[in-house]
Amino acid sequence: MTEAPSVRGAEVGRRIGVGLMYGLWKPRVLGAWKVPASGPAILAVNHAHNIDGPMVMGVAPRPTHFLIKKEAFIGPLDPFLLSIGQLKVDRSVADRTAITQALGVLDNGGVLGIFPEGSRGEGDFASLRAGLAYFAVRSGAPIVPVAVLGSSEKSSRLTKGLPPLRSRVDVVFGDPFEAGDGSGRRTRKALDEATLRIQKQLTAHLENARRLTGRPENAGRPIGH
């Protein structure tokens, strides 16, 4: 039997994230109170930069277990990420271990973090994978959209690929919503319909987050685009 990742480990990860993110940058967090105080929840985060995951881990009000591509688990990062409750996923196959662990997080009333675009890209939710819909419909957990803005507008002169140190990064949490249609169906058609509903909600949240923060239209795009 596959064990769900450690909640205690994820809390340690959250505390490390708080120290690092607030120490290196200036996070401005909006709407964190919208994350359900208890029970299962899925944070759906746009992904334009490598710091997006650690940033959300650090500013989220609850410990979060992120599904992270296995390529990130290299060298000492492998045992470290596992020890802080993060989930290693092989994106080239239907990774049953990762799926079971992710569902275990939700079954235990925890918070699962997902980059629904699958990999780092424009950060605009334009291309969603079906994984988010599956976890949401299968578990019944509400999805909380999260927009990270400012992580990729310009790079640091000291560390290429990172935002300038002490620059402001906005993290905007949206209203939780249900992905399913209430029927509990998990057919391919039901998941496709749920994915479309999710994409509409996430895109609307990103547009609203840009308005709230005064960020330009390309605020979620990778450096150099």
Side-chain angles (χ1 to χ4, degrees), residues 2-7 9-10 12-14 16-17 20-21 41-60 63-106 110-139 141 143-149 151-152 155 159-163 169 171 179 191 195 198-199 202 206 220-225:
T2 303
E3 289 187 11
S6 162
V7 177
V12 170
R14 191 179 77 84
I16 292 172
L20 278 177
M21 296 302 111
I42 299 172
L43 303 185
V45 186
N46 68 321
H47 197 20
H49 201 281
N50 286 330
I51 74 159
D52 296 338
M55 181 63 71
V56 173
M57 277 181 64
V59 304
T64 306
H65 305 270
F66 266 97
L67 277 167
I68 302 172
K69 62 182 181 181
K70 70 172 187 177
E71 291 83 357
F73 289 74
I74 52 173
L77 274 179
D78 183 45
F80 171 70
L81 289 172
L82 293 174
S83 73
I84 60 170
Q86 305 311 296
L87 308 178
K88 182 193 300 188
V89 60
D90 184 345
R91 296 176 301 165
S92 65
V93 297
D95 190 334
R96 292 186 179 279
T97 298
I99 292 169
T100 301
Q101 288 183 325
L103 290 173
V105 166
L106 297 171
V111 179
L112 181 67
I114 294 182
F115 300 112
E117 296 160 287
S119 60
R120 190 157 55 94
E122 295 292 311
D124 57 5
F125 294 124
S127 176
L128 296 196
R129 294 188 171 213
L132 175 55
Y134 173 78
F135 288 123
V137 173
R138 169 83 163 67
S139 68
I143 295 173
V144 179
V146 186
V148 182
L149 303 172
S151 66
S152 58
S155 60
T159 312
K160 189 176 181 182
L162 289 179
V169 177
V171 183
L191 292 178
T195 297
I198 291 167
Q199 187 167 36
L202 297 186
L206 186 58
R221 294 182 181 170
I223 296 161
H225 281 229

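Residue numbers count from 1 along this sequence.
- The shortest heavy-atom contact between Gly113 and Thr64 is N-CG2, 3.7 Å.
- For Ala72 against Leu77, the heavy-atom pair with the smallest separation is O-CD1, 3.6 Å.
- Between atom CG of residue Leu132 and atom CD1 of residue Ile143 there is a gap of 4.0 Å, rounded to the nearest 0.5 Å.
- Across every non-hydrogen atom of Thr195 and Ala133, the tightest pair is OG1-CB, 3.4 Å.
- Side chains of Ile99 and Leu103 form a contact here, defined as non-hydrogen atoms less than 4.5 Å apart.
- In this structure, the side chains of Asn46 and Val148 come closer than 4.5 Å at one or more pairs of heavy atoms.
- Counting all heavy atoms, side chain and backbone alike, Ala41 lies closest to Leu106 at O-CD2, 3.6 Å.
- For the atom pair CG (Leu81) and CD1 (Ile68), the distance works out to 5.0 Å, reported to the nearest 0.5 Å.
- Going from atom CD1 of Ile198 over to atom CD1 of Ile42 covers 8.0 Å, rounded to the nearest 0.5 Å.
- Side-chain contact between Ile51 and Pro163 is present, with at least one heavy-atom pair separated by less than 4.5 Å.
- In this structure, CG in Leu87 is found 6.5 Å from CG in Leu112, a value given to the nearest 0.5 Å.
- Counting only heavy atoms from C-beta outward, the side chains of Ile84 and Arg14 never approach each other to under 4.5 Å.
- When side chains are defined from C-beta on, Phe66 does not count as touching Val89, because their heavy atoms never get closer than 4.5 Å.
- Looking at every heavy atom in both residues, Gln86 comes nearest to His65 through OE1-C, 3.7 Å.
- Between atom CG of residue Asp52 and atom CG of residue Leu149 there is a gap of 9.0 Å, rounded to the nearest 0.5 Å.
- Annotation for Phe73 and Leu82: closest pair CE2-CD2, 3.9 Å, computed over non-hydrogen atoms.
- Note that CE of Met57 and CE of Met21 are 9.0 Å apart. Values are rounded to the nearest 0.5 Å.
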Stepwise salt bridge (charged side-chain N to carboxylate O under 4.0 Å, His left out) test for Lys88 and Asp95: CA-CA 9 Å; Lys88 182 193 300 188; Asp95 190 334; over 6 Å; no
